[in-house]
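Remarks on the structure that follows.
Predicted, not measured: the structure shown is a model, and the values here were computed from it.
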2 protein chains.
Amino acid sequence: MAKILVVDDEPDAVELVEFNLKNAGFEVVTAADGAEALKKARAALPDLIVLDLMIPEVDGLEVCKLLRRDAATAGIPILMLTAKAAEIDRVLGLELGADDYVTKPFSPRELMLRIKGLLRRRETTEAKAERMQFGDLVLDVPAHSLTVNNKRVELTATEFKLLTILAQRRGRVQSRDQLLKDVWEYDNVIDTRTVDTHMRRLREKLGKAAKHLDTVRGVGYRFVAG
Amino acid sequence: MAKILVVDDEPDAVELVEFNLKNAGFEVVTAADGAEALKKARAALPDLIVLDLMIPEVDGLEVCKLLRRDAATAGIPILMLTAKAAEIDRVLGLELGADDYVTKPFSPRELMLRIKGLLRRRETTEAKAERMQFGDLVLDVPAHSLTVNNKRVELTATEFKLLTILAQRRGRVQSRDQLLKDVWEYDNVIDTRTVDTHMRRLREKLGKAAKHLDTVRGVGYRFVAG
DNA sequence: CCCGTTCGTAACAAAGTCGTCACCGGCTTG
DNA sequence: CAAGCCGGTGACGACTTTGTTACGAACGGG
């Protein structure tokens, strides 16, 4: 079963979370401050980290950033606990890299749901991040190659990244702004119509397999697996 | 104001809770045993349920589980009343799904604080519901997709947003002005009759599932889960 | 340095969507 | 029971959004 690191300086909170997690069959590691959290995260390499925002030694946000910077821990989902709803924006904001949050006081039920959600999400996206197949469309990310009907299709770097991101988030609509942010990595500078043009080129190259690329009018684009 | 279902077989306890809740401006529904609780929960769709652990007919824990299983009531916060501190663990334990508890005998003040806490918490997290199912109607927000009877139904962006907001606030009537504010995001510019037209289009597309869309004459519209 | 590729922008046409209106029937109210 | 209000319905024109094509700038390799 999965291993979870719980970081909070309030013993009561830790105990409540720990109890629920163990009840659900998780292995639990705890830390009471930021320095300990970083050390244990690297040592135990947990599958998920529950991180309180307000902790001594090193602030929760700082811990978050540092964990992301270290290759060993960069991929671990982080669930933030925060007292103030107003802080949510910052927590989920660009560089901080938390994956989800729960505001204090939280119900154990909700916390468990979110933890399970994160673990499930990670499983489904991580396992298929490398090589994805949808019918006769095969997308091999590390190889940077795409085949349709066993025939190699050459994509440019931008086209490949666009297709990859859509495929990794298959089923969920991505707005043009979101795609600009993730594929082009900077916003506002580039016209959103650029996305359309690249989608057009992708569709052209994909031929029949372009059926996987859905337009959601007024919203954005979506990759459909079926 | 919020509607609260109080379940307890001791008339004195019910009366005490009811008195305090009504004093605070809540609407109160009561039930004296598990079977009645389940029935009234589905009928009244309260915003919160205060549930005694030891009740006749169907045990409190069982009621809790059953309420969670039904899509119509799954999201309602449950506050458990329990006589024994030792039972707390089981109550909050994973699958049982209570959100908080108060041990008997309790002070009315504490009970009220916990109720308000739960309601506040729900407000802040409710909007995050990602996927909702009501009978054969499945609304997947991130995918921006709706299926009725396992068949895909295409909605425009506005229709989808309208339906989503109604579904997220199911059970509560939304005035046309409120909907204009939340769906169209600006007020006064647009005619309120526009809402009617979009409701009409939604109903048309939903077919039989349009039964979830209630008109409340002179007030607005409401999504009903059952 | 030149040529070919790739990319972002612009312009236009086609398609889809939206808000309004007018009419009608039913419900409410006095 | 009659008048008035309210919501359902269908139609329509204006507007928005997207697909498509074309073009020039930026980039990179030879």
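- Scanning atom types as modelled, no donor and acceptor separated by under 3.5 angstrom connect the side chain of R176(B) and the base of dG7(D).
- For the pair E204(A) CD and dT18(D) P, the interatomic distance rounds to 19 Å; values are reported in whole Å.
- On a pure distance criterion of 3.5 Å, a polar donor-acceptor pair joins the side chain of R217(A) and the base of dT17(D).
- Distance D196(A) CG to dT17(D) P: 11 Å, rounded to the nearest Å.
- Dashed line: the shortest gap from a side-chain N or O of T215(A) to OP1 or OP2 of dG19(D) is under 4.0 Å.
- Between dG19(C) and W184(B), a contact under 4.0 Å exists linking OP1 or OP2 to a side-chain N or O.
- Between H212(A) and L137(A), the shortest heavy-atom distance links the atoms CD2-CD1, 3.7 Å.
- Rounded to the nearest 0.5 Å, atoms OG1 (T30(B)) and CD1 (I4(B)) are 13.0 Å apart.
- With hydrogens and angles left out, the side chain of R201(A) and the base of dG8(C) share a donor-acceptor pair within 3.5 Å.
- Of the candidate nucleotides dT17(C), dC21(C), dG8(D), dT17(C) has the atom lying nearest to any side-chain atom of T156(B).
- Between Y221(A) and the phosphate of dG19(D), there is a side-chain N or O to OP1/OP2 separation shorter than 4.0 Å.
- Contact annotation: R200(A) reaches the phosphate of dT21(D) (side-chain N/O to OP1 or OP2, under 4.0 Å).
- Residue R203(B) places at least one side-chain N or O closer than 4.0 Å to OP1 or OP2 of dG8(D).
- We find that CZ of F160(A) is positioned 13 Å from P of dC7(C), with the value rounded to whole Å.
- Side-chain atoms of Q174(A) and R222(A) form no donor-acceptor pair, as typed in the model, at a separation below 3.5 Å.
- In this entry the distance linking CZ of R193(B) with C1' of dT9(D) reads 10 Å, nearest Å.
- At a cut-off of 3.5 Å, with distance as the only test, a side-chain donor of R203(B) or T215(B) sits close to an acceptor on the other residue.
- In this structure, CD1 of I190(B) is placed 11 Å from P of dC18(C), rounded to the nearest angstrom.
- In this entry the distance linking CG of L162(A) with C1' of dC7(C) reads 13 Å, nearest Å.
- Of the two residues near DNA chain C, V195(A) and K205(A), the one whose nearest nucleotide lies more 5' is K205(A).
- The NE2-P distance, from H198(B) to dG8(D), rounds to 14 Å in whole Å.
- Taking 4.0 angstrom as the limit, T158(B) places a side-chain polar atom (N or O) nearer than this to OP1 or OP2 of dC18(C).
- In terms of modelled atom types and a separation under 3.5 Å, the side chain of T164(B) and the main chain of F160(B) share a donor-acceptor contact.
- Summarising the geometry, the separation between CG on L202(A) and P on dG19(D) is reported as 12 Å, rounded to the nearest angstrom.
- Counting any heavy atom pair closer than 4.0 Å across all strands shown, T194(A) reaches a base atom.
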